[in-house]
Amino acid sequence: MCGIVGIVAKSNVNQTIFDALTVLQHRGQDAAGMVTCEGDRFFLRKDNGLVNEVFRTRHMKRLAGNVGIGHVRYPTAGSSSSAEAQPFYVNSPYGIALAHNGNLTNADDVAEQMFRADLRHINTTSDSEVLLNVLAHELQRQGKLQPQAEDMFAAVRRVHERCKGGYAAVSLITGYGMLAFRDPNGIRPLTYGKRETENGTEYMVASESVALDISGFERVRDIAPGEAIYIDMEGNVSTQLCAENTKLAPCLFEYVYLARPDSIIDDVNVHISRMRMGTKLADKVMRDRPDHDIDVIIPIPDTSRTSAMEMAKELGVNFREGFIKNRYIGRTFIMPGQTQRKKSVRRKLNPIGMEFKDKVVMLVDDSIVRGTTSSQIVQMARDVGAKKVYFASAAPAVKYPNVYGIDMPAAEELIAHGRTDDEVGEEIGCDWIIYQDLDDLKQSVSEGNPEITEFDTCVFDGKYVSGDVDADYLERLQAARNDGSKDNQTGSNESSNLCSKID
């Protein structure tokens, strides 16, 4: 899970990209980066850290140009070293920078092909660098000194043929314009918008529509699965479907947790979809325990708040804020390493005792992944006097790893893998646990856009929509993603290409 943005404007874009990355910060807190283009030169700044830590005034002054792309990262493929902060850059052909959200499931095979057949060296373990080099090679194969939109689309067509998995990418071609594209299954989100200025029309592409909103861009539409959009330096827009056998199968977990509630993804209002999730949870409570004894419903901030409010409303039960969140602690789910996550929970949340004391409490969270956070929160509720602690998840049980850009751990580290619901409840220490049904979750989202008839639901049911994930792949993934290996990755916090001008 990362966040990307690209802008073609009539004036300097550095501040607008900074603002967009700030509202996409929830998609990645490991690193941030930006590349701008002025004339035939790129200006680059990237490093580990939050957006407002990476970009200081001295860096912003050097990020000149009316065209640029940006990225916020958390580590999935690759390590958390600053050497793998994005965007990545290659100087041939033309000079191309690229930022990427997602994960290539065949990255190792493609990297080998790049080395042996295309004579290109991949310098990091990041699949984003693989994607960039495939695009660069395919553009070079077009053999055009002055490439046109059809050349860009021909290159993207070959990218789709060679690369598998879930990905949304935005690239900058020196002196020519911005090229963005989305995988043929539409797993990772990508949208674009425009705004009118006195100097002409400006365009932005981004992972979520909220990035458009805060900068005054009007959302036009989502990029379709397998589609590419090319905007040249003069602001001329071209789009083309560049893949065969496309289908819209967006990641269902985007709506549960990843996206901001004020975003629209594939024409679905995220906030409203989460309201429906709460309603359906309430319906399930009434089916399973119509004589429930719940006194109060308390959300675990922040993502679950919308679902919890609707659940309380439907059940006729009081809704209360029972946890105060420390806003200066990052999203626990996307922190690399189990040790770091364990340390963060108590610092992140503190209970309000009076909301729990002598009450039967239903805690509501967006999902349960490892169970580490959930068990600590249940214990917090008991420590401040809750009579009983129930736990509701707005998502079904997470039982399988994600391979399309979300750092779901190895299956053995997922608390629901190989356990029944009751066994999970026992593990986290609650008196009753209730999960959303998968069909209800799908309906909560698809009601917002009936054209979505399929989703990427791999974390819930182990079905991988790209069709190229087998047991051997999952075994290799487990070795790379287990928390023991992450805790041993020290990474480098030293600056990488702090603010360089690339000629």
Side-chain angles (χ1 to χ4, degrees), residues 1-28 32-36 51-52 55 63 65-73 86-87 98-102 167-172 177-182 186 188-225 227-233 235-239 248 250-251 254-255 258-274 448-449:
M1 183 182 73
C2 298
I4 60 175
V5 61
I7 302 176
V8 177
K10 304 298 181 181
S11 58
N12 283 344
V13 297
N14 54 357
Q15 186 62 52
T16 307
I17 293 176
F18 177 92
D19 293 341
L21 292 179
T22 300
V23 298
L24 294 176
Q25 186 76 85
H26 61 286
R27 300 187 68 87
M34 185 190 310
V35 168
T36 59
V51 174
N52 62 359
F55 301 106
L63 290 164
N66 297 352
V67 181
I69 62 176
H71 186 268
V72 288
R73 176 184 189 265
Q86 297 184 39
L98 178 140
H100 161 228
N101 170 34
Y167 51 89
V170 58
S171 60
L172 196 56
M178 180 178 69
L179 174 67
F181 51 93
R182 190 179 183 190
R188 300 267 69 88
L190 191 64
T191 189
Y192 88 98
K194 64 180 182 179
R195 69 180 178 187
E196 303 296 336
T197 72
E198 59 183 15
N199 297 319
T201 306
E202 301 178 335
Y203 295 91
M204 177 191 288
V205 297
S207 294
E208 294 184 34
S209 62
V210 65
L212 308 175
D213 299 338
I214 59 101
S215 297
F217 284 79
E218 175 190 358
R219 176 179 172 271
V220 175
R221 63 176 175 86
D222 297 285
I223 303 300
E227 185 181 25
I229 179 170
Y230 174 61
I231 307 169
D232 66 24
M233 301 296 277
N236 299 306
V237 180
S238 302
T239 62
L248 180 57
C251 172
E254 286 279 355
Y255 301 93
L258 302 183
R260 276 180 49 144
D262 46 346
S263 284
I264 296 172
I265 295 179
D266 289 315
D267 291 328
V268 177
N269 185 302
V270 175
H271 176 69
I272 295 175
S273 72
R274 289 177 182 167
N449 180 3

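- Aromatic ring pairs are classed by plane angle as parallel below 30°, tilted from 30° to 60° and perpendicular above 60°; the pair Phe181 and Tyr167 is perpendicular.
- Taking 4.5 Å as the limit, some side-chain heavy atom of Asn12 sits within range of a side-chain heavy atom of Asn66.
- A donor-acceptor pair under 3.5 Å is formed between the side chain of His71 and the backbone N or O of His100.
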Using atom types as modelled, flag every donor-acceptor pair under 3.5 Å from a side chain in residues 210-221 to any protein atom, sequence neighbours excluded.
from   : atom 1 : to     : atom 2 : distance (Å)
Arg219 : NH2    : Asp222 : OD2    : 2.7
Arg219 : NH2    : Asp267 : OD1    : 2.7
Arg221 : NH1    : Glu227 : OE1    : 2.9
Arg221 : NH2    : Glu227 : OE2    : 2.8

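- Taking the side chain as every heavy atom from C-beta outward, Leu21 and Val5 approach each other to under 4.5 Å.
- Judged by distance alone, the side chain of Ser263 and the main-chain N or O of Ala259 form no donor-acceptor pair under 3.5 Å.
- When all heavy atoms of Asn101 and Pro189 are compared, the pair lying nearest together is ND2-CD, 4.1 Å.
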Report task. Just do the side chain to side chain contact (heavy atoms under 4.5 Å, CB included) check on Val13 and Thr36 with the steps written out, would you? Result -> CA-CA 8 Å; Val13 297; Thr36 59; 4.1 Å; yes
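- Checked for salt-bridge contact, Arg188 and Glu254 meet the test: a charged N lies under 4.0 Å from a carboxylate O.
- Proximity of a side-chain donor or acceptor of Ser171 to a complementary backbone N or O of Leu179 within less than 3.5 Å is detected.
- Side-chain contact between Val67 and Met233: present, with at least one pair of heavy atoms (C-beta onward) separated by less than 4.5 Å.
- Of the possible polar contacts, one joining the Asn449 side chain to the Asp266 backbone as a donor-acceptor pair under 3.5 Å is found.
- Residue Ala180 comes nearest to Leu190 through the heavy atom pair CB-CD2, 4.2 Å, listed as atom of the first residue, atom of the second, then distance.
- Counting all heavy atoms, side chain and backbone alike, Val270 lies closest to Tyr255 at CG1-O, 4.0 Å.
- Ion pair Lys10/Glu202 not flagged as a salt bridge, since none of the NZ, NE, NH1 or NH2 atoms sits closer than 4.0 Å to an Asp/Glu carboxylate oxygen.
- Taking 4.5 Å as the limit, some side-chain heavy atom of Val51 sits within range of a side-chain heavy atom of Val72.
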Query raised in the report: Under the side chain to side chain contact (heavy atoms under 4.5 Å, CB included) criterion, do Leu24 and Glu208 qualify, and how do the steps go?
Result: CA-CA 8 Å; Leu24 294 176; Glu208 294 184 34; 4.0 Å; yes
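- With a 4.5 Å cut-off on side-chain heavy atoms, Thr16 and Arg195 count as touching.
- Under the 3.5 Å distance criterion, the side-chain polar atoms of Tyr203 are left unmatched by any main-chain donor or acceptor of Gly6.
- Between the side chain of Gln25 and the backbone N or O of Gly28 there is at least one donor-acceptor pair closer than 3.5 Å.
- For the atom pair CE of Met204 and CD1 of Ile231, the computed distance is 10.5 Å after rounding to the nearest 0.5 Å.
- When all heavy atoms of Leu258 and Arg274 are compared, the pair lying nearest together is N-NH2, 4.2 Å.
- The side-chain heavy atoms of Ile69 and Ile4, taken from C-beta on, include no pair separated by under 4.5 Å.
- Residues Pro87 and Leu98 have side chains not in contact (no heavy-atom distance under 4.5 Å, counting atoms from C-beta outward).
- A side-chain donor-acceptor contact under 3.5 Å links Ser209 to the backbone of Ile264.
- Between Val205 and Met178, some side-chain heavy-atom pair lies under the 4.5 Å cut-off.
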